[in-house]
Amino acid sequence: MLKSRFVPRKIFIDEECRNMPLTKRILKNLSQVPTETVSNPQRFLEERRISRDAVQQGKKDLFITSQKGEFIKPCPCTPQYIGCNYFIINLDLNCPLDCTYCILQHYLYDPLLIVHANREDLWKQLDAFINKNKGRALRIGTGELGDSLVLDHITENSKDLISYFRGKGPVLFELKTKTVNIQNILETEPASNIVISWSLNSPRIARSEEKNAPPVEERIDAARRVADKGFFVGFHFDPLIRYPGCEVEYESLIARLLNRISPGKIAWISLGSLRFPPSLKPIIQERFPRTKIIYEEMVKGLDGKLRYFRPSRLDLYKRIIRCLKENGGEKVPLYLCMESDTIWREALGWVPRGKESLESYLSSPLGNSKV
Ligand code: SF4
């Protein structure tokens with residue numbers, strides 16, 4: 001586990017971002033960290049890509065640069081399975097937490113912690129995007145290409161983003177984390193269209209496969225404090241990982257969670273089982289030689305990713321859903337991440353149709369709120 005809040009070993013600064021307000025804020029928050037100005041970002045990144053142990057070393061250094069393309073993109077989800085119409089903001093890329101199963105080891109082209117400092121462009125693009133989709137209960141978040149809060153003591157992103165999205169309902173904005181880095185959230189006024197959510201796993205998986213993240217009980221404590229502050233919270237049991245006795249451990253986790261957090265404060269819970277492209281397997285084997293999670297029986301899905309056989313996935317989902325209902329969570333909106341309509345029907349009894357149906361289902365509890 002990271003002993004305290006993450007501090008990079010060195011900050012590299014794209015010359016053209018040197019005077020941007022966010023760069024100045026980061027340098028103020030990390031005044032003790034050495035810096036280096038980069039005059040040719042392209043060449044700098046190329047050298048980093050081919051350097052020895054690029055993925056591991058990239059998790060230690062921060063690069064402040066600007067986003068040249070679009071900040072907002074539809075979540076890539078996965079072909080042939082049901083998507084949840086989620087939009088991601090490419091704000092910060094990569095993550096120092098280093099979970100065994102993390103797709104970013106394979107997916108990110110630039111092996112560095114990257115902060116995009118050109119925030120004025122972000123706000124303009126968001127204005128245009130929300131305007132174009134007026135009236136839609138869009139769900140937008142930052143936690144797909146990194147953890148939304150792991151750098152928050154450095155960037156203070158949460159304050160800026162919450163204040164941008166406040167009052168912009170029906171648009172829902174989510175910050176997704178495995179950390180307890182909630183100080184800025186606790187200093188910010190809540191709003192009914194903001195959801196702070198945590199990825200949870202069984203304590204055993206968290207200990208062995210999410211080694212740099214805080215223990216699950218600390219994550220639940222943090223969620224409780226954020227819910228007590230008045231925010232909606234969300235939970236993502238993803239990736240669910242099979243091992244002997246996992247069902248009992250997931251059930252006990254859910255009972256503890258719903259004992260601590262009032263279901264009325266939970267905006268949504270998602271479930272997803274372990275899945276990864278075959279090409280991630282050798283990377284995991286090399287970087288995490290002691291892990292066992294990639295050696296379970298798996299099958300190639302319609303999207304080419306390896307996943308558990310359908311009966312195993314269904315069995316796990318059904319047990320968790322039953323447990324949620326038995327512990328007072330029967331009204332909490334549930335959805336599955338990257339699953340087929342067959343699994344949706346058998347596990348949840350319905351299948352979302354059209355892009356609006358899941359959006360309105362997930363936004364309904366928040367729409368009724370008086371936060
Ligand atoms: S917290 Fe998420 S982004 Fe960070 S290493 Fe783990 S899986 Fe990857």
Side-chain angles (χ1 to χ4, degrees), residues 1 78 81 97-103 105-106 178 198-221 223 235-261 269-329 332 334-340 342-344 346-348:
M1 192 174 85
T78 198
Y81 291 87
L97 295 183
D98 210 14
C99 305
T100 309
Y101 50 76
C102 182
I103 186 70
Q105 303 170 86
H106 169 70
K178 284 192 179 93
W198 274 264
S199 298
L200 297 180
N201 221 308
S202 71
R204 182 191 305 234
I205 291 297
R207 271 195 305 274
S208 60
E209 316 299 340
E210 299 170 349
K211 284 198 204 79
N212 285 340
V216 176
E217 301 304 324
E218 288 184 21
R219 297 180 214 173
I220 296 175
D221 272 350
F235 298 98
H236 301 280
F237 291 90
D238 193 353
L240 294 165
I241 293 180
R242 291 194 69 85
Y243 56 89
C246 66
E247 297 88 347
V248 177
E249 293 188 10
Y250 282 122
E251 285 168 348
S252 140
L253 168 65
I254 286 163
R256 292 200 304 283
L257 174 70
L258 291 176
N259 187 29
R260 305 285 315 281
I261 312 265
I269 290 179
S270 78
L271 308 178
S273 60
L274 181 66
R275 58 215 174 267
F276 53 87
S279 43
L280 181 61
K281 195 167 175 174
I283 299 174
I284 295 178
Q285 280 168 324
E286 190 186 329
R287 298 196 62 237
F288 302 96
R290 294 169 65 182
T291 189
K292 296 193 176 67
I293 63 171
I294 48 177
Y295 301 108
E296 282 286 312
E297 259 197 319
M298 291 189 150
V299 62
K300 224 185 229 185
L302 296 170
D303 55 356
K305 288 184 186 159
L306 295 169
R307 52 183 71 214
Y308 301 129
F309 284 90
R310 188 195 291 175
S312 313
R313 304 198 318 266
L314 193 55
D315 179 54
L316 199 47
Y317 294 146
K318 279 183 165 171
R319 285 190 68 155
I320 290 181
I321 292 165
R322 191 170 59 231
C323 182
L324 283 165
K325 290 183 176 162
E326 284 170 1
N327 283 279
V332 175
L334 298 178
Y335 67 96
L336 303 176
C337 193
M338 300 187 192
E339 273 299 354
S340 64
T342 313
I343 296 261
W344 264 84
E346 291 192 34
L348 289 168

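Position 1 is the first residue of the sequence; numbering continues from there.
- Annotation: side chain to side chain donor-acceptor pair (under 3.5 Å) contacts of Thr100 (sequence neighbours excluded): Glu209.
- In this structure Ser273 satisfies the side chain to side chain donor-acceptor pair (under 3.5 Å) test together with Tyr317, sequence neighbours excluded.
- Put simply, the side chain of Glu218 never gets that close to the backbone of Pro215: no donor and acceptor are under 3.5 Å apart.
- Listed here is the closest heavy atom pair of Ala347 and Leu336: CB-CD1, 4.4 Å.
- Listed by first then second residue, pairs satisfying salt bridge (charged side-chain N to carboxylate O under 4.0 Å, His left out) with a partner in residues 289-299 number zero, not counting sequence neighbours.
- Residues Val332 and Phe235 fail the side-chain proximity criterion, which asks for heavy atoms closer than 4.5 Å.
- Taking all atoms of both residues into account, the shortest heavy-atom contact from Tyr308 to Ile241 is OH-CA, 3.4 Å.
- The OG atom of Ser252 sits 10.0 Å away from the CG atom of Asn327 when rounded to the nearest 0.5 Å.
- A distance of 11.5 Å separates CG in Asp315 from CD in Glu346, rounded to the nearest 0.5 Å.
- Using a 4.5 Å cut-off on side-chain heavy atoms (C-beta onward), Ile321 and Leu271 make contact.
- With contacts defined as side-chain heavy-atom distances shorter than 4.5 Å, the pair Phe288/Gln105 qualifies.
- Listed by chain and number, the residues in a side chain to side chain contact (heavy atoms under 4.5 Å, CB included) with Pro282 are Gln285 (sequence neighbours excluded).
- Take Glu247 and apply the salt bridge (charged side-chain N to carboxylate O under 4.0 Å, His left out) test, not counting sequence neighbours, and it matches Arg242.
- Of the inter-residue distances, the one linking Leu324 atom CG with Ile254 atom CD1 reads 4.5 Å to the nearest 0.5 angstrom.
- For Ser270, the side chain to side chain donor-acceptor pair (under 3.5 Å) criterion is met by His236, not counting sequence neighbours.
- The only option from Leu253, Leu316, Leu334 that meets the side chain to side chain contact (heavy atoms under 4.5 Å, CB included) definition with Phe237 turns out to be Leu253.
- Closest approach of Pro277 to Ile103, counting heavy atoms only: CD-CD1, 3.5 Å.
- With values rounded to the nearest 0.5 angstrom, Cys323 atom SG is found 10.0 Å from Leu257 atom CG.
- Using a 4.0 Å cut-off between a side-chain N of Lys or Arg and a carboxylate O of Asp or Glu, Glu210 and Arg219 qualify as a salt bridge.
- Asp303 contributes atom CG, which lies 9.0 Å from atom CZ of Arg275 (distance to the nearest 0.5 angstrom).
- Evaluation of the side chain to side chain contact (heavy atoms under 4.5 Å, CB included) rule for Lys318 yields Leu314 as partners, not counting sequence neighbours.
- Here the closest non-hydrogen pair linking Asp238 and Cys337 is OD2-CB, 3.6 Å.
- Asp98 meets the salt bridge (charged side-chain N to carboxylate O under 4.0 Å, His left out) test with Lys59, Arg287; sequence neighbours excluded.
- Under the side chain to side chain donor-acceptor pair (under 3.5 Å) criterion, Tyr250 pairs with Asn201, not counting sequence neighbours.
- Listed here is the closest heavy atom pair of Leu306 and Pro278: CD1-CA, 4.0 Å.
- The shortest heavy-atom contact between Ile284 and Thr291 is CG2-CG2, 3.7 Å.
- Listed by chain and number, the residues in a salt bridge (charged side-chain N to carboxylate O under 4.0 Å, His left out) with Glu249 are Arg204 (sequence neighbours excluded).
- Taking the salt bridge (charged side-chain N to carboxylate O under 4.0 Å, His left out) definition, one finds that Arg260 meets it with Asp221, sequence neighbours left out.
- The shortest side-chain heavy-atom distance between Glu251 and Glu326 does not fall under the 4.5 Å cut-off.
- The distance from the NZ atom of Lys305 to the NZ atom of Lys300 is 13.0 Å, given to the nearest 0.5 Å.
- Looking at heavy atoms from C-beta onward, Pro239 lies out of side-chain contact with Phe276 at the 4.5 angstrom threshold.
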